[in-house]
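Step one of this worksheet: look at the structure below.
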Protein chains: 2
Amino acid sequence: MHPNFIKHINKYIELDDNTIEVLNKYIKPITYKKKEFLLKEGQICRSIYFVVKGCLRMFFINDKRTEQITQFALENWWISDFFSFMDNKPSEYFIQTVEKSEILSIDALSLEAMLKELPQMERYLRIIMQRAVAASQLRIKYVHQLSKEEFYIHFCTSFPEFVQRVPQYMIASYLGLTPEYVSELRKKNL
Amino acid sequence: MHPNFIKHINKYIELDDNTIEVLNKYIKPITYKKKEFLLKEGQICRSIYFVVKGCLRMFFINDKRTEQITQFALENWWISDFFSFMDNKPSEYFIQTVEKSEILSIDALSLEAMLKELPQMERYLRIIMQRAVAASQLRIKYVHQLSKEEFYIHFCTSFPEFVQRVPQYMIASYLGLTPEYVSELRKKNL
DNA sequence: CGCGACGTTGATTTGCCTCAACGATTGTGG
DNA sequence: CCACAATCGTTGAGGCAAATCAACGTCGCG
């Protein structure tokens, strides 16, 4: 199975060979090309997704008919529309590959079955979710304490390799800026 | 023990009498008066807090030396600085009661011991954290799709009882508005 | 009563957006 | 292998939502 995935779980809980084998039953690996959709607005988000390799983005269409990116997912990140996933409500989001990507997916029923058979995975997911909450807290803090200019600079210096990897207008959208303004900022800040 | 807390856990997992008794060993109830601090900037956030009754706010001091509220916690909500809690790093936040409050707290060591003795609680916490992630996703979406005016109106219509309960300037801070602007909005919108 | 906490009002300023037009680069079908 | 269209980024003029600043009203409470 996917060694990166195993390694990731193993960072948080003990894994034996049998567990890995059982896990295998429930996890579905899929390879996507660039710009393929894993979820479209109106659909119920039936799975959570783990990025083994590649990059996903999550976005919605706002009132001005433009794409508003709310999240990226890189290697070793989970992504989903959790409201849609938990309550079986139609999603207002799209999830799409930014580049060719290897994804592991697990749907709600498989997840429940897996957790019943491997209750130790509850702990893994609890820790993952807790870290996601911590990340959200940090993001909210930055939004409130930094100006848009500072926010952009902070992002670029924090994730220089990522900024290379995705188009500028996606960074702009994620940070809540217009592409034009980002252009202005780049000129100003060398 | 605190029936609201038991009821809350019971919404997500099965609880027997023995489990409740064990839980009791690890949970520490404290009653706070209005405006007391559970956490101050620079301290390590050693516990997670469950609000049985009352209201907490979490905030930091920004560059302009004003309080910036990032979260509220009402009845049946958990709150903590999870980065500080998980990694034992000094917090940049304050957590303070908005009104007289009954709080249950559990520190990191007790939590680990409790989860070892009651592994079924991993599931409860996993679900709670998952819901917190979903709530964060929703909040980020609102921030991006609504103007400040729309955001304020949306908040007031979504939580009318809450708006009565806390001072206006705290709502303003939480939403990222100035008190002056909120004042203007209230006049305009009846 | 008097002070501090909270809310309001109006004048002024500004950070960032909007709109429109124009390069540069990429990729794709003929 | 070129033509032509998308796609992506840049530039500049003009506008507006929301902040800032300063001053004043009001209420509750010690």
Side-chain angles (χ1 to χ4, degrees), chain A residues 33-37 55 57 59 61-69 72 94 96-100 140 142-156 160 162-190, chain B residues 33-37 55 57 59-69 72 94 96-100 142-156 160 162-190:
Chain A
K33 288 181 289 206
K34 191 174 177 174
K35 299 206 178 184
E36 279 194 279
F37 286 94
C55 177
R57 66 177 184 138
F59 65 93
I61 306 290
N62 65 19
D63 314 334
K64 290 161 226 141
R65 301 278 115 204
T66 64
E67 300 173 353
Q68 175 61 59
I69 297 176
F72 288 107
F94 299 81
Q96 187 192 31
T97 54
V98 174
E99 46 190 62
K100 182 172 181 309
I140 289 283
Y142 287 139
V143 166
H144 281 118
Q145 89 178 339
L146 303 178
S147 70
K148 302 257 172 167
E149 175 166 6
E150 290 167 332
F151 198 27
Y152 174 72
I153 293 171
H154 178 268
F155 187 84
C156 289
F162 181 65
V163 173
Q164 305 295 40
R165 205 165 149 184
V166 309
Q168 215 164 281
Y169 76 92
M170 287 195 189
I171 306 284
S173 173
Y174 175 74
L175 297 175
L177 314 175
T178 58
E180 293 94 331
Y181 190 54
V182 166
S183 204
E184 193 182 326
L185 292 179
R186 298 193 73 217
K187 186 167 56 162
K188 199 163 76 177
N189 297 282
L190 152 150
Chain B
K33 288 181 288 206
K34 190 175 176 173
K35 299 206 179 185
E36 279 194 278
F37 286 95
C55 176
R57 65 175 183 138
F59 66 92
F60 66 94
I61 306 290
N62 65 19
D63 315 333
K64 291 160 225 142
R65 301 278 114 203
T66 66
E67 298 172 356
Q68 175 61 58
I69 297 175
F72 288 108
F94 300 80
Q96 187 193 31
T97 55
V98 174
E99 45 189 63
K100 183 172 179 308
Y142 287 139
V143 166
H144 282 118
Q145 89 177 341
L146 303 177
S147 70
K148 302 256 172 168
E149 175 166 8
E150 290 168 333
F151 197 28
Y152 175 73
I153 293 171
H154 179 267
F155 187 84
C156 290
F162 181 66
V163 174
Q164 304 296 40
R165 207 165 149 184
V166 310
Q168 215 163 281
Y169 76 91
M170 287 194 188
I171 306 284
S173 173
Y174 175 72
L175 296 175
L177 314 175
T178 59
E180 292 95 329
Y181 190 54
V182 166
S183 204
E184 194 181 324
L185 291 178
R186 297 192 73 219
K187 186 167 58 161
K188 198 163 77 177
N189 298 281
L190 152 154

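First the proteins, then the strands, lettered A, B, ... as listed; each starts at 1.
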Ignoring hydrogens, what is the shortest heavy-atom contact between B:Gln96 and B:Lys35? Give both atom names and the distance. NE2-O, 3.2 Å

Using 30° and 60° as the class limits, which term best fits the ring planes of B:Tyr174 and B:Phe155: parallel, tilted or perpendicular? tilted

Please report the distance, rounded to the nearest Å, between [atom1] in [X] and [atom2] in [N].
X        : N      : atom1 : atom2 : value
B:Lys35  : C:dA5  : NZ    : C1'   : 7 Å
A:His144 : D:dA19 : NE2   : C1'   : 14 Å
A:Ile171 : D:dC8  : CD1   : C1'   : 14 Å
A:Tyr169 : D:dA6  : OH    : P     : 16 Å
B:Ile153 : D:dA17 : CD1   : C1'   : 14 Å
B:Leu177 : C:dC6  : CG    : P     : 18 Å
A:Glu149 : C:dT14 : CD    : P     : 15 Å
B:Lys34  : C:dG4  : NZ    : C1'   : 13 Å

Under 4.0 Å from OP1 or OP2 of [N]: is there any side-chain N or O of [X] that close?
X        : N      : result
A:Lys188 : D:dT11 : no
A:Tyr181 : C:dC17 : no
B:Arg186 : C:dT8  : yes
B:Lys64  : D:dT20 : yes

Within 45° cone and under 6.0 Å: A:Arg57 NZ/CZ vs A:Phe59 ring: yes

Would you classify B:Glu184 as touching base, sugar-phosphate or nothing, given that sugar-phosphate means primed atoms plus P, OP1 and OP2, and contacts are heavy atoms under 4.0 Å? nothing

Checking A:Phe151, A:Tyr152, A:Tyr169 against A:Leu177 for side-chain contact (heavy atoms from CB on, under 4.5 Å), the one that qualifies is A:Tyr152

Which of these nucleotides, D:dA18, C:dG10, C:dT18, is closest to any side-chain atom of A:Thr178? C:dT18

B:Glu180 has a side chain; which of D:dT20, D:dT11, C:dC6 sits nearest to it? D:dT20

Using 4.0 Å as the upper bound for N to carboxylate O, is an ion pair formed by A:Arg165 and A:Glu99? yes

